[in-house]
Asks: 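Encoded as structure tokens, here's the structure I'll be asking about.
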Amino acid sequence: MAKKKLLQQTARKLVTFTNPRSFVAEQFRTLRTNITFLSPDKDVRTMVVTSAVPSEGKSTTSANLAVTFAQEGKKVILVDGDMRKPTTHYTFNIKNTTGLSNVLTKQSTAEKTIRSTVVDRLDVLTSGPIPPNPVELLSSKSMDVLIQQLTDMYDLVIFDAPPVLSVTDGQIIANKCDGTILVINSGHTEKDMAVKAKEAIESSNSRIIGAVLNNFEISKDNGYYQYYGHTE
């Protein structure tokens, strides 16, 4: 029963893979298109997905966005940069015995730690064991070296980062990436929190390339809803 529940949860999280014709999957493709058109002269090679506070859907968003870019034909890696409360290994049902923390502390290499997924052209670097000093690791020269290595290996690197108003980890990663996606949970994220999150990202000298309004309920009478064909 527990295994069945886990599979159901995973399927629900990776809707772009399990149900690519759904309305939600179409919205992720729209987000992908918007990001692509945002920088016509220079590809966005590294991006971070974060939120203002916990439980706003940033990990689900980053995973589905990674799937969507891989489905387009790009070689993508999703890095779980949340070394305080990692979840990416649950989403893809893979082990988290080694990961980002091992690479940054030189206990392992990226090549040995990266895992393939069920999605073609999509790999994952899980967080690894939770370290006592994530800020120091993310700020390190090893992190800069790893990002350069990953951009040499992949078309796109996506980081799932902690909420920017909870810890500074998200701002540190954002400072090292080409752009940031801010996830806002409809009916949950308070307006002043969203504003503070935007200011925190901008203060890290990162460029906000998009915002995702998560869990927004759209009427079934909406014309676009009918046009795209909701199958869930």
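Hydrogens, waters and symmetry mates play no part in the numbers below; they use all other heavy atoms, side chains included. We count residues from 1, following the sequence as given. Computed from a predicted model, the values in this text were never measured in an experiment.
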Asks: Is any NZ, NE, NH1 or NH2 atom of the basic residue among D178 and R207 found under 4.0 Å from an Asp or Glu carboxylate oxygen of the other?
Replies: no
Asks: Applying the side-chain contact (heavy atoms from CB on, under 4.5 Å) test to V103, which of T113, L137, T98 qualifies?
Replies: T113
Asks: So which heavy atom on L165 is nearest to which on M193, and how close?
Replies: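 Closest heavy-atom pair between L165 and M193: CD1-O, 3.4 Å.
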Asks: Can you tell me how far the CZ atom of R115 sits from the CG atom of L78, to the nearest 0.5 Å?
Replies: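 Reported to 0.5 Å precision, the distance equals 14.5 Å.
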Asks: Evaluate the criterion side-chain contact (heavy atoms from CB on, under 4.5 Å) for residue pair V167 and V135; output intermediate values, then yes/no.
Replies: CA-CA 9 Å; V167 290; V135 171; over 6 Å; no
Asks: With rounding to the nearest 0.5 angstrom, report the CG to OG1 distance, D160 to T60.
Replies: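 Output value for this atom pair is 9.0 Å.
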Asks: A cation-pi test, strictly: NZ or CZ of K75 under 6.0 Å from the centre of the six-membered ring of Y154 and no more than 45 degrees from its axis. Yes or no?
Replies: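 Cation-pi check for K75 and Y154: passes.
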Asks: To the nearest 0.5 Å, tell me how far E72 CD sits from R121 CZ.
Replies: 10.0 Å
Asks: Which pair of heavy atoms, one from T105 and one from S101, lies closest together, and at what distance?
Replies: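 In this case the closest contact between T105 and S101 is OG1-O, 2.7 Å.
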Asks: Go through Q171 and E202 one step at a time and tell me if the side chain to side chain donor-acceptor pair (under 3.5 Å) criterion holds.
Replies: CA-CA 9 Å; Q171 289 176 271; E202 291 175 339; over 6 Å; no
Asks: Same cluster for I130 and L100 if Ile/Leu/Val/Met/Phe/Trp/Tyr side chains link at under 4.5 Å?
Replies: no
Asks: Just by distance, do the side chain of D43 and the backbone of R45 share a donor-acceptor pair under 3.5 Å?
Replies: no
Asks: Output the distance between atom CZ (F28) and atom CZ (F69), rounded to the nearest 0.5 Å.
Replies: 11.5 Å
Asks: Hey, is the main chain of L122 close enough, under 3.5 Å, to the side chain of T117 for a donor-acceptor pair?
Replies: yes
Asks: For the residue pair T126 and T88, confirm or rule out a side-chain donor-acceptor distance under 3.5 Å.
Replies: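 Checked: T126/T88 side chains show no N/O donor-acceptor pair below 3.5 Å.
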Asks: Under the 3.5 angstrom rule, does the side chain of Q71 hit a backbone N or O of T16 as a donor-acceptor pair?
Replies: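 Confirmed, Q71 side chain pairs with T16 backbone.
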Asks: Among residues at least two apart in sequence or on other chains, which ones pass side-chain contact (heavy atoms from CB on, under 4.5 Å) with R29?
Replies: P20, A25, E26, R32, T68
Asks: If Ile, Leu, Val, Met, Phe, Trp and Tyr residues are connected whenever their side-chain heavy atoms lie under 4.5 Å apart, and connections chain through other members, are M143 and V145 in the same group?
Replies: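 No; V145 is not reachable from M143 via cluster members.
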Asks: Are E190 and K196 close enough, and set up right, to give a side-chain contact (heavy atoms from CB on, under 4.5 Å), and what steps lead you there?
Replies: CA-CA 10 Å; E190 296 181 4; K196 289 181 179 178; over 6 Å; no
Asks: Measure from the side-chain N and O atoms of T87 to the backbone N and O of Y90, and report whether any donor-acceptor pair falls under 3.5 Å.
Replies: no
Asks: Mind checking whether N214 and I184 have side chains closer than 4.5 Å, heavy atoms only?
Replies: no
Asks: Of all the heavy-atom pairs spanning L146 and A110, show the shortest one and how long it is.
Replies: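 For L146 versus A110, the nearest heavy atoms are CD1-CB, 3.9 Å.
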Asks: If you group Ile, Leu, Val, Met, Phe, Trp and Tyr by side-chain heavy-atom gaps below 4.5 Å, do V212 and V44 land in one group?
Replies: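 Looking at the clustering, V44 is in the same group as V212.
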Asks: Which atoms form the tightest heavy-atom contact between L65 and I158, and what is the distance?
Replies: C-CD1, 4.2 Å
Asks: Just verifying a value: how many Å separate C177 SG and M47 CE, rounded to the nearest 0.5 Å?
Replies: 9.0 Å
Asks: As a quick check of understanding, evaluate side chain to side chain donor-acceptor pair (under 3.5 Å) for K106 and S142, giving each step before the final call.
Replies: CA-CA 8 Å; K106 304 185 187 308; S142 295; 3.2 Å; yes
Asks: Quick one: does any side-chain atom of T151 pair with a main-chain N or O of Q148 as donor and acceptor, under 3.5 Å?
Replies: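 Indeed, once roles are kept as given, a pair shorter than 3.5 Å links the two residues.
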Asks: State plainly whether one hydrophobic cluster holds both I173 and V49, where clusters connect Ile, Leu, Val, Met, Phe, Trp and Tyr through side-chain heavy atoms under 4.5 angstrom apart.
Replies: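 Shared cluster, no.
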Asks: Using only atom types and a distance under 3.5 Å, with no angle test, would you say the side chain of N64 pairs donor to acceptor with the backbone of V15?
Replies: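 Such a contact is found between N64 side chain and V15 backbone.
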Asks: When you measure from the side chain of D123 to the backbone N and O of I114, does any donor-acceptor pair fall under 3.5 Å?
Replies: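 No, D123 side chain to I114 backbone: no donor-acceptor pair under 3.5 Å.
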Asks: Hydrophobic clustering (ILVMFWY, side-chain heavy atoms < 4.5 Å, transitive) - are V76 and M153 grouped together?
Replies: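 Hydrophobic grouping puts M153 apart from V76.
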Asks: Looking only at non-hydrogen atoms, find the nearest pair between G81 and P162 and report the distance.
Replies: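 Heavy atoms of G81 and P162 come nearest at O-CD, 3.6 Å.
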Asks: Only one of D80, N96, N102, D82 clears side-chain hydrogen bond (donor to acceptor under 3.5 Å, both in side chains) with S127; which?
Replies: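 In the set D80, N96, N102, D82, the residue that makes a side-chain hydrogen bond (donor to acceptor under 3.5 Å, both in side chains) with S127 is N96.
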Asks: Find the distance between CD1 (I172) and OG (S204) and round it off to the nearest 0.5 Å.
Replies: 9.5 Å
